[in-house]
Amino acid sequence: MKKLEIITRPEKLDIVKRILAKNEYSGMTVTAAMGCGHQKGVLKEFEQLNLDINLLPKIQIMTVVMDEDAEDIIQELQQQLSTGAVGDGKIFVSDVMDVIRIRTGERGEKTL
Ligand SMILES: Nc1ncnc2c1ncn2[C@@H]1O[C@H](COP(=O)(O)OP(=O)(O)OP(=O)(O)O)[C@@H](O)[C@H]1O
Ligand SMILES: [Mg+2]
């Protein structure tokens, strides 16, 4: 299993939900986030003012998917979330050792 942590623009949440639903995943955790990347959060229009605005609003969507589905989902997310402008975000991918459905004690892929 792979954990995808998708950090992107808040207005892109619906696109992420649609891509996950299309791939038959409904489980996700969505968090309002503040962050910065390469540009250290400086907005183009404020650049000359040199204001210390260094965190911009983002959303973080955490979802765990099966290994065999991860690459297709990642490709689709990258293509549909890219505007070509800085600040589009990132997808962090990591291995998940196990998942436990608390209600039943089931473990692994069948819980997703
Ligand atoms: N190395 C990182 N670790 C953790 N979170 C990060 C990292 N880089 C970016 N983020 C998160 O992703 C958000 C969007 O980052 P952003 O798209 O600006 O990355 P970037 O590397 O600057 O790419 P770009 O040049 O396209 O803007 C940030 O606001 C932050 O929340
Ligand atoms: Mg950036």
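All heavy atoms count here, side chains included; hydrogens, waters and symmetry mates do not. For ligands, and for the atoms within them, numbers begin at 1 and follow the listed sequence.
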Closest protein heavy atom to [atom], given as residue, atom name and distance to 0.1 Å:
atom                    : answer
atom 13 (C) of ligand 1 : Ile7 CG2, 3.6 Å
atom 8 (N) of ligand 1  : Lys90 NZ, 2.8 Å
atom 25 (O) of ligand 1 : Gln39 NE2, 3.0 Å
atom 10 (N) of ligand 1 : Cys36 O, 4.0 Å
atom 31 (O) of ligand 1 : Gly35 CA, 3.3 Å

### Message
For the 3.5 Å polar cut-off, considering only N or O atoms, please tell me whether Leu56 and ligand 1 meet it.
### Response
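In this structure, Leu56 places no N or O atom under 3.5 Å from an N or O of ligand 1.
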### Query
Backbone or side chain, does any N or O of Gly89 fall under 3.5 Å from an N or O of ligand 1?
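The answer is yes, given that Gly89 and ligand 1 share an N or O pair closer than 3.5 Å.
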In terms of atom number and element, which parts of ligand 1 are under 4.0 angstrom from non-hydrogen atoms of [X]?
X     : value
Asp88 : 17 (O)
Gly87 : 16 (P), 17 (O), 18 (O), 24 (P), 26 (O), 27 (O)
Phe92 : 2 (C), 3 (N), 4 (C), 5 (N), 6 (C), 7 (C)

### Query
Looking at side-chain heavy atoms only, is the closest gap between Glu76 and Asn23 below 4.5 Å?
yes
### Query
More than 12 non-hydrogen atoms from neighbouring residues, nucleotides or ligands closer than 6.0 Å to NZ on Lys2, yes or no?
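Above 12, so yes.
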With distance as the sole test, does [X] use its side chain to make a donor-acceptor pair with the main-chain N or O of [Y] at under 3.5 Å?
X     : Y     : answer
Asp88 : Ser82 : no
Lys12 : Ile59 : no
Tyr25 : Met66 : yes

### Leu81 vs Ile6, side chain to side chain contact (heavy atoms under 4.5 Å, CB included): CA-CA, chis, key distance, verdict
CA-CA 10 Å; Leu81 295 176; Ile6 306 145; 4.0 Å; yes
Testing the basics here: between [X] and [Y], what is the closest heavy-atom pair and its distance to 0.1 Å?
X     : Y     : answer
Ile91 : Gln78 : CD1-N, 4.4 Å
Pro57 : Pro10 : O-CD, 3.5 Å
Arg9  : Thr83 : NH2-OG1, 3.6 Å

### Query
Are any of the heavy atoms in Ala33 under 4.0 Å away from ligand 1?
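So Ala33 does not count as touching ligand 1.
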### Query
Are any non-hydrogen protein atoms located under 4.0 Å from atom 27 (O) of ligand 1?
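So atom 27 (O) of ligand 1 has protein heavy-atom neighbours under 4.0 Å.
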### Query
How does Val86 reach ligand 1, by side chain, by backbone, by both or by neither, if only non-hydrogen atoms under 4.0 Å count?
both
### Task
Could you tell me whether His38 approaches ligand 1 through its side chain, its backbone, both or neither, with non-hydrogen atoms closer than 4.0 Å?
both
